[in-house]
2 protein chains.
Amino acid sequence: MTSAAVAGSGLGEAGGAGRGPDGGFSLPPGRALTICLELQQAILEHRLQPGMKLSEDEVGEIFGASRTVVRAALHALAHSGLVTIERNRGAFISRPTIREAHEVFEARALIEPRVARMAALAVTEAQLETLKAHIEAEHVALDAGEMGKSLSLSGLFHIAVSDIADQQVLGAIIRQLISRSSLIIALYWKRPDTACESHSHHALLEAMATHDGQAAEEIMKSHIVDLHSGLELKERPHHGQTLAEVFRG
Amino acid sequence: MTSAAVAGSGLGEAGGAGRGPDGGFSLPPGRALTICLELQQAILEHRLQPGMKLSEDEVGEIFGASRTVVRAALHALAHSGLVTIERNRGAFISRPTIREAHEVFEARALIEPRVARMAALAVTEAQLETLKAHIEAEHVALDAGEMGKSLSLSGLFHIAVSDIADQQVLGAIIRQLISRSSLIIALYWKRPDTACESHSHHALLEAMATHDGQAAEEIMKSHIVDLHSGLELKERPHHGQTLAEVFRG
DNA sequence: TGCCTAAAAATTGTATACGATTTCTAATTG
DNA sequence: CAATTAGAAATCGTATACAATTTTTAGGCA
C-alpha cells in the first residue's frame with residue numbers, strides 16, 4: 001500500500017453524500033466541493049498560512065470558476081472553521097487565538113480518548129493493517145522532509161481511529177477539531193523541525209490490537225496532552241504571502 | 001424580567017461577529033442572517049417539521065429576498081445540521097435517523113456534564129439570577145400550553161449554562177447538538193403532551209449556586225440520560241406541510 | 001386498468017452584471 | 001516632511017438571467 005493510497009481517504013469525502021469537507025454537514029454542490037477540498041488540503045498541509053487573504057476573484061481565476069461557486073466554497077470552509085469571513089472585507093485563512101488553541105486541545109482531550117476506547121473495542125484486523133500503513137506513511141513523509149504532508153497524515157490517523165469507532169456525530173466533531181488543530185500547530189508549534197511524535201500513534205495501535213479499551217483511552221489522552229504542551233503560546237506575526245505563489249508557482 | 005427578554009439571547013446572535021446561527025462559524029452576510037435566524041427559530045419551536053421542503057423561491061418570496069441570499073441562509077442552516085440539502089432536489093428540514101439520535105445524546109452526555117462542572121465553578125450571582133429567570137420562563141410557556149416555546153427555552157437553558165462555563169469551542173459544539181436534539185425530539189419524543197422536566201434544571205441551578213462542580217456534573221449527566229431514555233426509537237412517517245401555512249397562515 | 005414514454009413544468013446550479021463598501025493612492029496643506 | 005483627504009481602484013453583497021437537472025403530467029399502448 002502506497003503513501004498516496006493512504007492519504008486518499010480521510011478528511012475529505014468521508015461521511016457519504018451530504019456531508020461536508022470537515023466531516024461536518026452539507027457540502028457545497030458540484031464544483032464548489034472541488035475548490036473546497038483543494039483549499040482545505042493546502043491549508044492542512046501548511047502550504048497556505050493562517051492570515052492569508054483568499055480573494056474571491058483570485059480563487060475563481062485559479063480554479064476556473066465563477067465567484068458564485070467560489071463563495072459557496074469559502075463559506076463552507078468558514079463553517080468548518082478553517083476560514084474566517086469578514087463582511088465587506090473578504091475571506092482569510094483563520095488565525096486561531098491562543099485561547100482558542102487551548103480550548104481546541106482541551107476539547108480533543110475530552111472527546112478523543114473516549115472515541116479511542118470505542119475504536120479499540122470495535123477494530124478489525126483489516127483496520128489494524130490500515131492504521132499500520134498510516135503510521136508507515138507518516139514515517140515516509142517525515143523522512144522525505146515533507147513536514148506538511150507528514151502533519152496532514154498525522155491528523156488523518158486520528159480521523160481513521162474515529163472512523164473505526166463508527167461514531168458519526170463525534171467523528172464529525174473530531175474532524176473539525178483536527179482541522180483547527182492544524183492551523184494552531186502552524187501558528188504556535190514550538191519546534192518546527194522536530195519529528196512530531198508518531199511514537200504515540202504506534203503505542204495506540206498496539207493497545208487497539210489487543211482490544212484494550214482502557215489503555216487506548218489513556219494513551220490517546222496523554223498523547224493529546226503532549227500535543228497541547230508542545231505549543232508555545234505567544235503572539236505570532238503573519239507574513240503576507242499570495243495565493244498565486246502557492247497554486248501557480 | 002419577562003419571558004421574551006430571556007428568550008431574546010441564546011442560540012442566535014451569541015458568539016460575536018463571524019459566528020454562525022448555531023454558535024458554529026461564519027454567519028452569512030447581511031440579510032441571509034435574518035432568514036437564517038427566523039427559520040432556525042421556527043424549526044426549534046417545531047413550527048416547521050422535519051422533512052418539510054424549503055424551496056428557494058418560496059422562502060425568498062416569504063422573506064422578500066432573492067434566491068442568492070436565501071441559498072446562503074439555507075446552506076448555513078445545512079452546515080449547522082438543521083437542514084439537509086440534496087443536489088438538484090433542494091433543501092429539507094433534516095430528519096435525524098434513529099442512530100443519529102442515539103449518537104447526539106451520547107455526545108451530549110459526554111460533553112455537557114464536563115461543561116456544567118466548569119460552569120458551576122465560574123458562575124456569578126448575576127448569572128444565577130438569569131438562569132432562574134430562564135427556568136421561570138420555561139414554566140410560563142409550559143403553563144400557557146406553548147410546547148414549542150417551552151422546548152426552545154429548555155434548549156436555551158443548556159446554552160446559557162455552557163455560556164457561563166465560557167468555553168467557546170465546546171459551547172459551539174453544544175449549540176449544534178442542542179439544535180439537532182430539537183429535531184430529534186420533534187420526531188421521536190415519547191409523550192408529546194408531557195411536561196418535559198424542568199425539575200432537573202432546577203436541581204442543576206442549586207448545585208451551581210453552591211459551586212458544587214461534582215454535583216453539577218452528575219446532575220447534568222443523569223439529566224441527559226433521562227432525555228435520551230425519553231425517546232421512542234421507531235420510524236415515524238412525515239406528513240407533508242407547506243411553508244406558507246406556517247409563515248403566512 | 002396499469003405501465004411505460006415523452007413532453008412540459010418546476011426547481012436547482014452557475015454565470016454575469018450592477019450597486020455598496022472598503023482599501024489604496026496621490027495630491028494637498030499645515 | 002508628515003498628516004489629511006478626496007478620488008480611483010479593488011472587492012464584496014445582491015439581483016437577475018440562463019443552463020442543467022429533476023419532477024410532474026399527459027399520452028399511448030399492451
Side-chain angles (χ1 to χ4, degrees), chain A residues 17-21 25-39 48 51-79 83-94 238 240-245 247, chain B residues 17-21 25-39 48 51-79 82-94 238 240-244 247:
Chain A
R19 299 286 155 173
F25 320 92
S26 127
L27 67 152
R31 311 253 291 294
L33 177 61
T34 307
I35 298 175
C36 216
L37 293 176
E38 205 86 25
L39 287 175
L48 295 178
M52 184 179 296
K53 173 89 186 276
L54 297 176
S55 157
E56 295 181 356
D57 279 328
E58 195 171 3
V59 174
E61 194 179 349
I62 288 174
F63 291 98
S66 81
R67 275 183 57 219
T68 305
V69 57
V70 171
R71 270 176 81 80
L74 291 177
H75 276 277
L77 287 172
H79 285 287
V83 156
T84 300
I85 293 177
E86 299 177 28
R87 182 177 174 92
N88 281 323
R89 282 189 32 87
F92 305 82
I93 311 284
S94 294
H238 60 117
Q241 184 187 9
T242 68
L243 246 192
E245 288 173 20
F247 278 94
Chain B
R19 300 286 156 176
F25 319 93
S26 125
L27 66 150
R31 311 250 292 295
L33 178 61
T34 307
I35 298 175
C36 216
L37 293 176
E38 204 85 27
L39 286 176
L48 295 178
M52 186 179 295
K53 173 88 186 275
L54 297 176
S55 157
E56 294 180 357
D57 279 327
E58 196 172 3
V59 174
E61 193 179 350
I62 288 173
F63 291 98
S66 80
R67 276 183 54 215
T68 305
V69 57
V70 171
R71 271 175 82 81
L74 291 176
H75 277 276
L77 288 172
H79 286 286
L82 287 182
V83 157
T84 300
I85 293 177
E86 299 178 27
R87 180 173 175 95
N88 282 321
R89 284 189 31 87
F92 305 81
I93 312 284
S94 294
H238 61 115
Q241 184 186 8
T242 69
L243 247 192
F247 279 94

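Every chain is numbered from 1 and lettered A, B, ... according to where its sequence line falls, protein lines coming before strand lines. Only heavy atoms go into these numbers, but all of them, side chains included; no hydrogens, no water, no symmetry mates.
- Of the listed nucleotides (C:dA15, D:dA15, C:dT12), C:dT12 has the atom at the smallest distance from the side chain of B:D57.
- For the pair A:L74 and A:L39, the minimum side-chain heavy-atom distance is below 4.5 Å.
- In plain terms, the two heavy atoms of A:V69 and A:A32 that are nearest each other are CG2-N, 3.2 Å.
- Rounded to whole Å, the distance from CD1 on A:I35 to P on C:dT14 is 9 Å.
- The two residues B:C36 and B:A73 make their nearest non-hydrogen contact at SG-O, 3.7 Å.
- Within the model, atoms CZ of A:R71 and CD1 of A:I35 stand 13.0 Å from one another, a figure rounded to the nearest 0.5 Å.
- Between B:G60 and B:V70, the shortest heavy-atom distance links the atoms CA-CG2, 3.4 Å.
- Taking atom CD of B:E61 as the reference point, atom P of C:dT11 lies 11 Å away to the nearest angstrom.
- At the phosphate of C:dA15, OP1 or OP2 sits under 4.0 Å from a side-chain N or O atom of A:S66.
- Applying the side chain to side chain contact (heavy atoms under 4.5 Å, CB included) rule to A:D57 yields the partners A:S55, A:R67; only residues at least two apart in sequence or on another chain are considered.
- Within the 4.5 Å cutoff, the side chain of B:I93 has no heavy atoms near those of the B:T84 side chain.
- Atom-to-atom, CD1 of B:I85 to P of C:dT12 comes out at 10 Å; the value is rounded to the nearest Å.
- Within the 4.5 Å cutoff, the side chain of B:M52 has no heavy atoms near those of the B:F92 side chain.
- Taking atom CD of residue A:E56 and atom P of nucleotide C:dT22, one finds them 16 Å apart after rounding to whole Å.
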Check nucleotides 18-25 of chain D against the protein and report each pair of N or O atoms closer than 3.5 Å, with its distance, or say if there are none.
{"residue": "D:dT21", "atom": "O3'", "partner": "B:N88", "partner atom": "ND2", "Å": "3.3"}
{"residue": "D:dT23", "atom": "OP1", "partner": "B:R89", "partner atom": "NH1", "Å": "2.3"}

Task: Evaluation steps, side chain to side chain contact (heavy atoms under 4.5 Å, CB included), between A:H75 and B:H75 - done: CA-CA 9 Å; A:H75 276 277; B:H75 277 276; over 6 Å; no

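- For the pair A:H75 NE2 and D:dT14 P, the interatomic distance rounds to 9 Å; values are reported in whole Å.
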Nucleotides 6-8 of chain C: which of its N/O atoms have a protein N/O under 3.5 Å away?
none

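- In this structure, B:S55 and A:T68 both approach DNA chain C, and ranking their closest nucleotides by distance from the 5' end singles out B:S55.
- Residue B:L74 contributes atom CG, which lies 11 Å from atom C1' of C:dT12 at whole-angstrom precision.
- Rounded to whole Å, atom P of C:dT16 lies 16 Å from atom CZ of A:R71.
- Rounded to an integer number of Å, the gap from CG of A:L33 to P of C:dT14 is 11 Å.
- Closest to the B:K53 side chain, of the nucleotides D:dT16, C:dT12, D:dC12, is C:dT12.
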